[in-house]
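For reference, the structure is listed below as structure tokens.
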Amino acid sequence: MIMILRIAIQKSGRLYDDSVALLKECGIDLRNVKDRLKTESDNFPLEVFFLRDDDIPQYVEDAVADIGIVGENVVYEKNREVEVVEQLGFGKCRLSLAIPRGTDFPGLHSLNGKRIATSYPNLINNFLEKNGVKAEIHEISGSVEIAPGIGLADVVCDLVSSGSTLFMNGLKEVETILQSQAVLVRNKKLNESKLQLLDKLLFRIKAVRKAKRNKYVLLNAPNEKLKQIISLLPGMKSPTVLPLAESGWSSVHSVLNEDEFWEKIEQLKAAGAQGILVVPIEKMVI
Ligand code: PRT
Ligand code: ZN
């Protein structure tokens, strides 16, 4: 029997484009992705199911799919028996409490006795319990932000990314309950062959993610400044140094992490580096 790994991803919505793009960046070709319930890859033993994000944890727990891509907010709200394998760096948002602007928020205790509208009853309940607050939860499935305006609730607990939805509805964020991003989850009882396929996929995902967080840097350095310039560069082992056609100069190649990128570039310039080129990296295998 040919072993195939089945992955569930969102059918349409905020995670769809990035999920499909990630698989493509991992070199996995997908046939006819649009408006399909499922599809297969020609060049990797992967079958893709397109589902509502809310259903993905259950499908993975029930082994209808072996793995899935879904927001941490959904994973922890649904609380299904799945294992989070890897954070994927997209779909970033936070689950926050918000109250009408112009209202005071002296602290969490002020939520006692209040009505909170949310699509995340489990996460908010756990949070309130942990903080010793007793409030009334009103579960609604969409447009949570309008609840205070129509008199349904005093407080909302909803996902926020830019904050503009809260702002446009006259609300202000007062407390973050959870930071979330898309993650890869897996069924806890995968057999050995499926685990091997998952390892293969994860290896590719990590290489793609690592490459995105790093840039390839090439620069020219006068030889008398080489030592100082090299000391600024990490490189994967150590920087590559090649002589330039013009004597007294070298070309230095290295890899820089996005967190320290701009600071390092400034330091390199100040140390005498010239002609600095920065190139994106497609895959990075260490
Ligand atoms: O149909 P299906 O059930 O699959 O989709 P859905 O409508 O439930 O989910 P969808 O596509 O809206 O979101 C899927 C996932 O994207 C969520 O579970 C989160 O993990 C992630 N995500 C990231 C977000 C946001 N950012 C986000 N901003 N999900 C929703 N929002 C909404 C939020 O609910 C609020 O209405 O966007 C609004 C706030 O955005 P800002 O930018 O105005 O703050
Ligand atoms: Zn949903």
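Side chains are part of it too, since the values below use all heavy atoms of this structure and drop only hydrogens, waters and symmetry mates. Bear in mind the structure is a predicted one, so any value in this text is a computation, not a measurement. One-based numbering, in listed order, for ligands and for the atoms of each.
Closest non-hydrogen pair, Leu22 versus Leu88, comes out as CD2-CD2, 3.9 Å.
By the side chain to side chain donor-acceptor pair (under 3.5 Å) test, Glu145 pairs with no residue at all, sequence neighbours left out. Evaluation of the salt bridge (charged side-chain N to carboxylate O under 4.0 Å, His left out) rule for Lys38 yields Glu47 as partners, not counting sequence neighbours.
The aromatic rings of Tyr16 and Phe50 sit tilted, their planes meeting at an angle between 30° and 60°.
Using a 4.0 Å cut-off between a side-chain N of Lys or Arg and a carboxylate O of Asp or Glu, Glu61 and Lys78 do not qualify as a salt bridge. Ion pairing between a basic and an acidic side chain is recognised when a charged N comes within 4.0 Å of a carboxylate O; Arg209 and Glu86 show no such pairing.
Criterion: ILVMFWY side-chain heavy atoms under 4.5 Å apart, direct or through other members. Under it, Leu226 and Leu244 are not part of a common hydrophobic cluster.
Under a cutoff of 6.0 Å and an axis angle of 45°, Arg213 and Phe261 do not form a cation-pi pair.
Between atom CG of residue Leu97 and atom CD1 of residue Ile124 there is a gap of 4.5 Å, rounded to the nearest 0.5 Å.
Protein residues having a heavy atom under 4.0 Å from any atom of ligand 1 are Gln10, Ser12, Gly13, Arg14, Leu15, Arg52, Asp53, Asp54, Gly71, Asn73, Val74, Gly91, Lys92, Cys93, Asp158, Leu159, Val160, Ser161, Ser162, Gly163, Ser164, Thr165, listed by chain and number.
Counting only protein N, O or S atoms, 2 lie closer than 2.8 Å to the Zn ion (ligand 2).
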